[in-house]
2 protein chains.
Amino acid sequence: MKHSDDYFRRLAFDEAPTGLVLTENRIIRICNRRFAELLGYHVEDLLNQSFRIFYGSDEEFESIRDVGLSKLQETGGYTDERLIRHRSGQGIWCQFRARTLNPDAPLERVVMSFAPINEAQTLRLSKRERQVLDLMNQRLTSKEIARRLGLSPRTIDDVRGRLIKRFGLRRAEDLLSQLRGASH
Amino acid sequence: MKHSDDYFRRLAFDEAPTGLVLTENRIIRICNRRFAELLGYHVEDLLNQSFRIFYGSDEEFESIRDVGLSKLQETGGYTDERLIRHRSGQGIWCQFRARTLNPDAPLERVVMSFAPINEAQTLRLSKRERQVLDLMNQRLTSKEIARRLGLSPRTIDDVRGRLIKRFGLRRAEDLLSQLRGASH
DNA sequence: GTTTCATGCCGTATTTATACGGTATTGATA
DNA sequence: TATCAATACCGTATAAATACGGCATGAAAC
């Protein structure tokens, strides 16, 4: 069976692993299932509702508006970690991302994504570990990586050793073959 | 001007702040602009292409398939940090999330999201900081928070003090008013 | 066969987050 | 006015990540 682009787009949007919502001047125009779930609603409950319903007071609703506004104007995007509250009262920490469709009128149309922060994540890499793995992925040796990062080759071996121990591998290379999400 | 749900859904999907892609047995059926951009392509280049094009060899393409497969079967979802490679050769670390539409045939239909990890993020909270802020958000005092977490009240004050210093605030409360993404 | 690379094990040092103690001050509130 | 909450500043202690050094081994490359 062959499906249309629209069919697949609708599927992808609704079943996306992150909460997605588009607002016009803080009014929800569309959101997906995951977003509604995160807050304890159904999608139909939220369409054409103001974001005001998520806040306890007008003041709170007003003051939150300006958080990240300048970033939206300058770069078109904004991201932080924030605490949303499920209808049941439970707090949920989310990686929050916003993108404005018009930086000159930042709140006119905004697409936001909310992804729960997974505390119990097995795979958590530090900045240094990501740097080293990136360069390992480019087939550089420890010595070359060290030069690039201005460190001792010994330190790169430390990072490799740490990864090997932490993830129970034989070679640091083995981690890369799990992490290459897309590469040529 | 009044627009249809489909219009808004299309806008939200295409302009989402995270890369989104739906695959059927690892064939791309739909993806958004951000996803194509992350890899250096245009959306039209990618439609109905196999994910194979992102990998250097058949072996790599095959071996990556099984990463997270069991998690997809068990829970319907999988997330990790992975390194994607832009067409230009630049490596980009992404927070990767996958959700299968059918856990019994995990790869039949999968929606994936790719969000670049922002190394230079100003706001980075530790697990403990998130726990304390969550409970502060519930109007608990340091003493009450300490009891909940099985810690000394003194330690909660430490966390508050750290946040105040790090973010240049007068009161730890001030951070919360910036982080309440949605609460009642 | 010698060099190179990755790994493994020995050590030291610094920084940061966490956790705790005491004490003092301010501001709200009972 | 007395109490409590939050803050500020003094201290100590541990654990983990980072960074570096030396040295030994095994495997692959030249």
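A, B, ... follow the sequence lines: proteins, then strands. Residue 1 opens every chain.
For Leu151(B), the side-chain atoms get nearest to dA19(C) when compared with the rest of dT7(C), dC20(D), dA19(C).
No donor-acceptor contact under 3.5 angstrom links the side chains of Arg109(A) and Thr23(A), judged on distance only.
Between the CG atom of Leu163(A) and the C1' atom of dT7(C) there is a distance of 13 Å, given to the nearest Å. Remark: P of dG22(C) and CG of Asp157(B) are 13 Å apart, rounded to the nearest angstrom. A straight line from NZ of Lys127(B) to P of dA15(D) spans 18 Å, rounded to a whole angstrom. Distance, Glu173(B) CD to dG27(C) P: 17 Å, rounded to whole Å. One interatomic measurement links the two molecules: CG of Leu169(A) to C1' of dG8(C), which rounds to 15 Å at whole-angstrom precision. In this structure, the CD1 atom of Ile145(B) is 17 Å from the C1' atom of dC20(C), given to the nearest Å. Going from atom CD of Glu129(B) over to atom P of dT16(C) covers 14 Å, rounded to whole Å. Atom CG in Leu149(B) sits roughly 9 Å away from atom P in dA19(C) (whole-Å rounding).
Projected onto DNA chain C by closest heavy-atom contact, Asp158(B) and Lys165(A) fall at different nucleotides, the more 5' of which corresponds to Lys165(A). Annotation: of the two residues near DNA chain D, Gly150(A) and Ile164(B), the 5′-most nearest-nucleotide partner is Ile164(B).
In terms of hydrophobic clustering, with Ile, Leu, Val, Met, Phe, Trp and Tyr side chains grouped at heavy-atom distances under 4.5 Å, Tyr7(A) and Ile30(A) are assigned to a common cluster.
With Phe51(A) as reference, Val21(A) is the one residue of Ile64(A), Val21(A), Asn25(A) to meet the side-chain contact (heavy atoms from CB on, under 4.5 Å) rule.
Here Arg171(A) does not reach the OP1 or OP2 of dC5(C): none of its side-chain N or O atoms lies under 4.0 Å away. Distances shorter than 4.0 Å separate some side-chain N or O of Lys143(B) from OP1 or OP2 on dA5(D). Using a 4.0 Å cut-off, no side-chain N or O of Ser126(B) falls inside it from OP1 or OP2 of dA17(C). Proximity of Ser142(B) to the phosphate of dA6(D): a side-chain N or O atom is located under 4.0 Å from OP1 or OP2. Regarding contacts with the backbone of dA6(D), a side-chain N or O of Arg160(B) is found under 4.0 angstrom from either OP1 or OP2.
In this structure, Arg97(B) fails the cation-pi test against Tyr78(B), since its NZ or CZ atom is not both closer than 6.0 Å to the six-membered ring centre and inside 45 degrees of the ring normal.
Among the atoms of the strands shown, base atoms are found under 4.0 Å from some heavy atom of Arg154(B). Counting any heavy atom pair closer than 4.0 Å across all strands shown, Thr141(A) reaches sugar-phosphate atoms only and no base atom.
For Glu129(A) and Arg166(A), the salt-bridge test passes: some basic side-chain N is under 4.0 Å from an acidic carboxylate O.
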